[in-house]
Amino acid sequence: MNIRVRFAPSPTGYLHIGAARSALFNWLFARKVGGKFLLRIEDTDLQRSTDESVASIIEGLEWLGLHYDEEKVFQSDNAEKHRAAARKLVEEGKAYRDFTPKEQRADANVKQNIADRARAHAAEGIDHRSNPFRDLAKGESDRRAAAGEPFAIRLKVARDGSSRFTDIVYGEQERAYSEIEDLVLLRSDGHPLYNLSVVLDDIEMGITHVIRGQDHLTNTHKQILLYHAFGADVPQFAHLPLILAPNKAKLSKRKHGEVVSLTTYRDRGFVPDAFVNYLALLGWSPDTTRYPAQIVRDNQEVRPNLEPGTEIFSRQRLIEEFSLDRIHKSPAVFNFHENDPRHWTDDKALWMNAEYIRTMPLDELSPMVKDELRAEKLWREEYDDDESEWFVKVVDLIRQRFFTLKDFSSQGRAYFSEDFDLEEAAVRKNILKEPKLKELLPQLADRLDQVEPFTAANVEAALRVFAEESQQKAGLFINASRTMLTGQAVGPSMFDVFEIMGRERSVMRLRSQRPWNEF
RNA sequence: GGCGCAUUGGUGUAGUUGGUUAACACGCUGCCCUCUCAAGGCAGAGAUCACGGGUUCGAGUCCCGUAUGCGCUACCA
């Protein structure tokens, strides 16, 4: 069987992480089983759909590296087919025209309206199947339609019995038909509705596995009814647990803002593979029996496939390890702290990004750093040419303590530009607290100017000799130098910094009187 | 209101047919390393497995109930 899955976002805003995770799981599954991963834009809600949103979705997928197969489908292009299909159902007696005038309902309190209406109906003993047009004679219905009377088309759901299916994640699902209303397929203005469109498009696209958010779980029964009505094969369903906000509330674009937007992660310096890795662990986990920690089972050695305890999975490894039956059912909390810049998003995501930055191959990292420097106007063409070796060395040196790609242009700025800030706290702690440094640092500069060749080891030797002669601790000069050269109190081993900066810049910055002029 | 789904330390998760002190990752604390900060190494705090019953010699694991959260219930998607 040719396995075909799809990611079907509605373009009503930016791509949020829940949707991105759905896309990822579909993609992982497709790649794992050698199937096709398709993209369909569900833009049937014309009022809310925008081109910018479509662009942001495509950009997001591209950034994550989730390439879709075949041509993307716009659901709105199929509206005419969907209308025809609904009409056919009326002809076959599987659906009926509902001439009830359309109710106006305010979008804001739909939930409340539903509850109120349900209560009222229960009190009056009205079954939601008691639509007067459900059993209207076909001839009469045709006549009224021909006369131009507006109508919606509803599916005629069986009175007795129940619908059941097996969800790959949530297991056996059953729902009595009496709980399923005669759903509207076509609005009275002829507009096809979601449940009709998804089913028809999924049939046409040959979708075999529907992998999507748990919010669609109960509606699946309605959709299965439609598959039956159209005489089509019902696909397999796998519903994904929802991703919640820290207080276990629904993660919403409106309330939680940019932290849930995928583009935020790109713009704030995430490495795509790191974010993919993090996202994959939200609602899925690998089979730990393949970890060496539990390598022996039934006296049989199991393949030592993974480092003990690791959660770092390359894209390739993710594909190898992924399986739908290890997706779990309970919702995951996306743990971020709104007003804390250090923890603006989930700690684990941040840690994982840092882990990728400090361990990934330099030939993959360097281009990302290049993009970042370009964006901040710190890039020089020499870094691609004569100084390419130097550039990669700097990246390797400073990446060790960075969390995001942004850090290369902010904390790493002094390596690429003379225009960098001195941090006040660093200056006070490492320089101003020892007045003699005003005289001593230029002397140190003179001394280092003589070092030949200008290597870490030679600079270290010279500096230590100078410290001894001036009867100061080496640490005083080391820490002061760090602040003079980088503006900061923290950073890589100082002698490596000297070597990387080179004689000219090191000496010039040591002679600078900026700390005394600026503070 | 009805129906459905979920519930293991702060967060993500493991715990496959019920069986010794509930495991791992992130985060947190302390120590080591050290020119700083990270990284790394070591040690540690933190979970009466939502609650209440039941089945059993024995339950996080099975059954029932309750609570809480979430979802669906729309001529939204």
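Just so it is clear, the model here is predicted, and its values are computed rather than measured. Proteins get letters first, then strands, A, B, ... in listed order; numbering begins at 1 in each.
- Side-chain N/O atoms of A/E174 and base N/O atoms of B/G4 include no donor-acceptor pair closer than 3.5 Å.
- In this structure, A/S330 reaches the sugar-phosphate backbone alone: every heavy-atom distance under 4.0 Å involves primed, P, OP1 or OP2 atoms, never a base.
- When the shell of 6.0 Å around NZ of A/K156 is examined, it contains more than 12 heavy atoms from other residues, nucleotides or ligands.
- Within the 4.0 angstrom heavy-atom criterion, no nucleotide atom of any strand lies near A/P11.
- Heavy atoms of A/G283 sit under 4.0 angstrom from primed sugar atoms or phosphate atoms, though from no base atom.
- Counting any heavy atom pair closer than 4.0 Å across all strands shown, A/Y170 reaches sugar-phosphate atoms only and no base atom.
- Near RNA chain B, defined here as any heavy-atom distance below 4.0 Å, the residues from residues 467-482 of chain A are A/I478, A/N479, A/R482, listed numerically.
- Contact annotation for A/D45: backbone-only contact, meaning every heavy-atom pair under 4.0 Å involves sugar-phosphate atoms and none involves a base.
- B/A77 atom C1' lies 12 Å from atom NZ of A/K222, rounded to whole Å.
- Within 6.0 Å of CD on A/E149 lie more than 12 heavy atoms contributed by other residues, nucleotides or ligands.
- A/D346 approaches A/K348 most closely through the heavy-atom pair OD1-N, 2.9 Å.
- In this structure, A/P492 reaches the bases: a heavy-atom distance under 4.0 Å links it to at least one base atom across the strands shown.
- With sequence neighbours left out, A/H191 forms a ring-ring contact (aromatic ring centres under 6.0 Å, His included) with no residue at all.
- Evaluation of atom-type donor-acceptor distances gives a pair under 3.5 Å for the side chain of A/R401 against the base of B/C37.
- Per the geometry, CG belonging to A/N353 stands 18 Å off P belonging to B/A38, to the nearest Å.
- B/A67 and B/A25: their P atoms are spaced 38 Å apart (whole Å).
- Toward the 5′ end of RNA chain B lies the nearest nucleotide of A/G491, the other residue of the pair A/D98 and A/G491 mapping further downstream.
- An aromatic stack links A/H216 and the base of B/A77, using centre distance under 5.5 Å and interplanar angle under 30°.
- For A/Q173, counting side-chain heavy atoms from C-beta on, the closest listed nucleotide (B/U13, B/C5, B/C75) is B/C5.
- Among the nucleotides B/A77, B/U73, B/U11, the one closest to any side-chain atom of A/I114 is B/U73.
- Contacts of A/S197 with the nucleic acid, taken as non-hydrogen atoms under 4.0 Å apart, are absent.
- Taking a pair as Watson-Crick or G-U wobble with both distances under 3.5 Å, the runs of three or more consecutive pairs in RNA chain B are B:1-7 with B:67-73, B:10-13 with B:23-26, B:28-32 with B:40-44, B:50-54 with B:62-66.
- In this structure, A/K250 reaches the sugar-phosphate backbone alone: every heavy-atom distance under 4.0 Å involves primed, P, OP1 or OP2 atoms, never a base.
- Note on A/R187: a side-chain N or O is less than 4.0 Å away from OP1 or OP2 of B/C76.
- For B/C5, neither phosphate oxygen OP1 nor OP2 lies less than 4.0 angstrom from any side-chain nitrogen or oxygen of A/H239.
- Distances from the side chain of A/R119 to the nucleotides B/C35, B/A77, B/G1 place B/G1 closest.
- By the 6.0 Å and 45° rule, A/R21 stacks over the aromatic ring of A/F25.
- OP1 or OP2 of B/A6 has at least one side-chain nitrogen or oxygen of A/K329 nearer than 4.0 Å.
- Contact between the side-chain N/O atoms of A/N219 and the OP1/OP2 oxygens of B/U73 is found at a separation under 4.0 Å.
- Remark: A/T44 is in phosphate contact with B/A77, judged by side-chain N or O atoms under 4.0 Å from OP1 or OP2.
- Of all non-hydrogen atoms in A/S49 and A/D43, the two that sit nearest each other are OG-CA, 3.5 Å.
- The phosphate of B/C75 (OP1 or OP2) has no side-chain N or O of A/S188 nearer than 4.0 angstrom.
- A/R48 has no side-chain polar atom (N or O) that falls below the 4.0 Å cut-off from OP1 or OP2 of B/A77.
- The side-chain contact (heavy atoms from CB on, under 4.5 Å) test with A/N219 singles out one residue from A/N195, A/I224, A/I180, and that residue is A/N195.
- A close approach under 4.0 Å does not occur between any side-chain nitrogen or oxygen of A/K111 and OP1 or OP2 of B/G1.
- No contact: A/H343 has no heavy atom under 4.0 Å from any strand.
- For B/G15, the OP1/OP2 oxygens have a side-chain nitrogen or oxygen of A/R326 closer than 4.0 Å.
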